[in-house]
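To start, the structure itself, in structure tokens.
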Amino acid sequence: FLIFGLYPIIFTFRIALTDAVGWEMINENHVIGFQNFAQFFDPSSAVYPRFWGAFVNTLVIWIPNFVAQLGLALILASWFTDSRMHLKFQGGFKVMIFMPNIITAATVAMLFFSLFNYPVAPINTLMQSIGVLSAPFEFFRSVEWSRGIISFIQWWMWVGNTMIIMIAGISGINPSLFEAALVDGCTSRQTFWKITLPLIKPILVYNLVTSPSAA
């Protein structure tokens, strides 16, 4: 954490307070305070449109990904921890759902680039064969498609990790509460909304804070 987490954060913040431009100037820079950050709020600055464009893009890509990720992870975690459902092959399902998370980001990027490439790629070929497209489509030259693909990649890669954290959070709830709900005749849905969800709010906040954005 100290080497790969804390030090890069401190180093990056220190460089952001200087006039350094590129690696060649890191050792030859002057401290200018928060002037670099002030450009984000100055409409006349060349940085202004690029920063806010990137910020909006991040939100557009991250919000749908995170909502879908959290929703599916909650559903799967509640199923896997519900003793009344008696789901078979739980371990296999968990492994398959978590598997994308252990694949490197570079590998996933190359995979989806190959799938959606232009002009010859599996997705283009499939959509033309079923009549959806009459000619190859350049997915990565479309703003909407590029955002959608990146958002899907983020969801696909991290939903398994979020699910595991949710399962751990639900498993940490006192079992006597679920037993009492079962004795009182609560359905699985009532148990989820009245017991599970309120008690895993700290886990939801943790996922919100640590969720990787698509920046």
Side-chain angles (χ1 to χ4, degrees), residues 1-74 77 94-95 97-116 140 143 146-169 172 200-215:
F1 170 74
L2 292 176
I3 296 174
F4 298 106
L6 184 60
Y7 174 73
I9 291 174
I10 296 174
F11 180 81
T12 302
F13 182 69
R14 174 187 170 278
I15 293 299
L17 299 178
T18 69
D19 59 359
V21 179
W23 287 100
E24 69 279 0
M25 295 186 64
I26 286 181
N27 295 321
E28 301 176 9
N29 56 68
H30 304 90
V31 177
I32 59 174
F34 289 91
Q35 291 183 31
N36 291 324
F37 295 93
Q39 296 182 64
F40 299 156
F41 306 96
D42 181 6
S44 63
S45 168
V47 176
Y48 181 86
R50 287 185 291 171
F51 170 76
W52 289 107
F55 181 78
V56 170
N57 268 331
T58 300
L59 291 180
V60 170
I61 292 171
W62 176 75
I63 291 175
N65 144 53
F66 181 72
V67 171
Q69 181 186 135
L70 194 63
L72 182 60
L74 266 174
K94 291 175 184 176
V95 169
I97 295 168
F98 187 76
M99 188 69 72
N101 190 242
I102 66 175
I103 304 174
T104 62
T107 303
V108 173
M110 289 304 300
L111 169 64
F112 278 85
F113 178 77
S114 300
L115 289 174
F116 289 90
F140 295 117
V143 174
S146 296
R147 286 172 173 171
I149 292 170
I150 295 172
S151 186
F152 176 80
I153 291 172
Q154 288 285 316
W155 170 83
W156 181 68
M157 285 188 64
W158 290 96
V159 66
N161 181 73
T162 305
M163 177 196 70
I164 295 297
I165 295 173
M166 292 294 183
I167 291 174
I200 62 169
K201 283 183 179 179
I203 306 299
L204 297 178
V205 174
Y206 170 80
N207 277 307
L208 175 64
V209 173
T210 61
S211 172
S213 72

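Below, all heavy atoms of this structure are taken into account, side chains as well, without hydrogens, waters or symmetry copies.
- Between atom CZ of residue Phe152 and atom CG of residue Asn65 there is a gap of 10.5 Å, rounded to the nearest 0.5 Å.
- Between Tyr48 and Asp42, the shortest heavy-atom distance links the atoms CB-O, 3.2 Å.
- A distance of 6.0 Å separates CZ in Phe98 from CD1 in Ile164, rounded to the nearest 0.5 Å.
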Please evaluate residues Asn57 and Arg147 with respect to the criterion side-chain contact (heavy atoms from CB on, under 4.5 Å), reporting the C-alpha separation (whole Å), side-chain torsions for both, the decisive distance (0.1 Å), and the verdict.
CA-CA 8 Å; Asn57 268 331; Arg147 286 172 173 171; 2.6 Å; yes
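- Minimum heavy-atom separation, Thr162 to Ala73: CG2-CB, 3.6 Å.
- The heavy-atom pair separating Gly169 from Ile203 by the smallest distance is CA-CG1, 4.0 Å.
- Between Ile103 and Met157, the shortest heavy-atom contact is O-CE, 3.7 Å.
- In this structure, Ile3 places its CD1 atom where only 12 or fewer heavy-atom neighbours from other residues, nucleotides or ligands lie under 6.0 Å away.
- In terms of modelled atom types and a separation under 3.5 Å, the side chain of Thr210 and the main chain of Tyr206 share a donor-acceptor contact.
- Atoms CD1 and CD1, from Ile15 and Ile10 in turn, are 13.0 Å apart once rounded to the nearest 0.5 Å.
- Using cut-offs of 30° and 60° for the angle between ring planes, the Phe113 and Phe140 rings count as parallel.
- Classification of the Phe37-Phe40 ring pair by plane angle, with boundaries at 30° and 60°, yields perpendicular.
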As a quick check of understanding, evaluate side-chain contact (heavy atoms from CB on, under 4.5 Å) for Leu74 and Ile200, giving each step before the final call.
CA-CA 10 Å; Leu74 266 174; Ile200 62 169; 3.6 Å; yes
For the pair Met163 and Lys94, evaluate side-chain contact (heavy atoms from CB on, under 4.5 Å) and give the outcome as yes or no after the intermediate values.
CA-CA 9 Å; Met163 177 196 70; Lys94 291 175 184 176; 4.2 Å; yes
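- Leu111 CG to Phe116 CZ: the interatomic distance, rounded to the nearest 0.5 Å, is 9.5 Å.
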Would Leu204 and Met166 count as a side-chain contact (heavy atoms from CB on, under 4.5 Å) if you check the C-alpha gap in whole Å, the side-chain angles of each, and the deciding distance to 0.1 Å?
CA-CA 8 Å; Leu204 297 178; Met166 292 294 183; 3.1 Å; yes
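- Ring-plane geometry between Phe66 and Trp62 is classed as parallel, the angle between the planes falling under 30 degrees on a 0 to 90 degree scale with a further cut at 60.
- Judged by distance alone, with hydrogens and angles left aside, the side-chain atoms of Asn101 form no donor-acceptor pair with the main-chain N or O of Trp158 at under 3.5 Å.
- Taking each heavy atom of Thr18 and Ile32 in turn, the nearest pair found is O-CD1, 3.6 Å.
- Under the 4.5 Å side-chain criterion, counting only non-hydrogen atoms from C-beta, Asn161 is in contact with Ile165.
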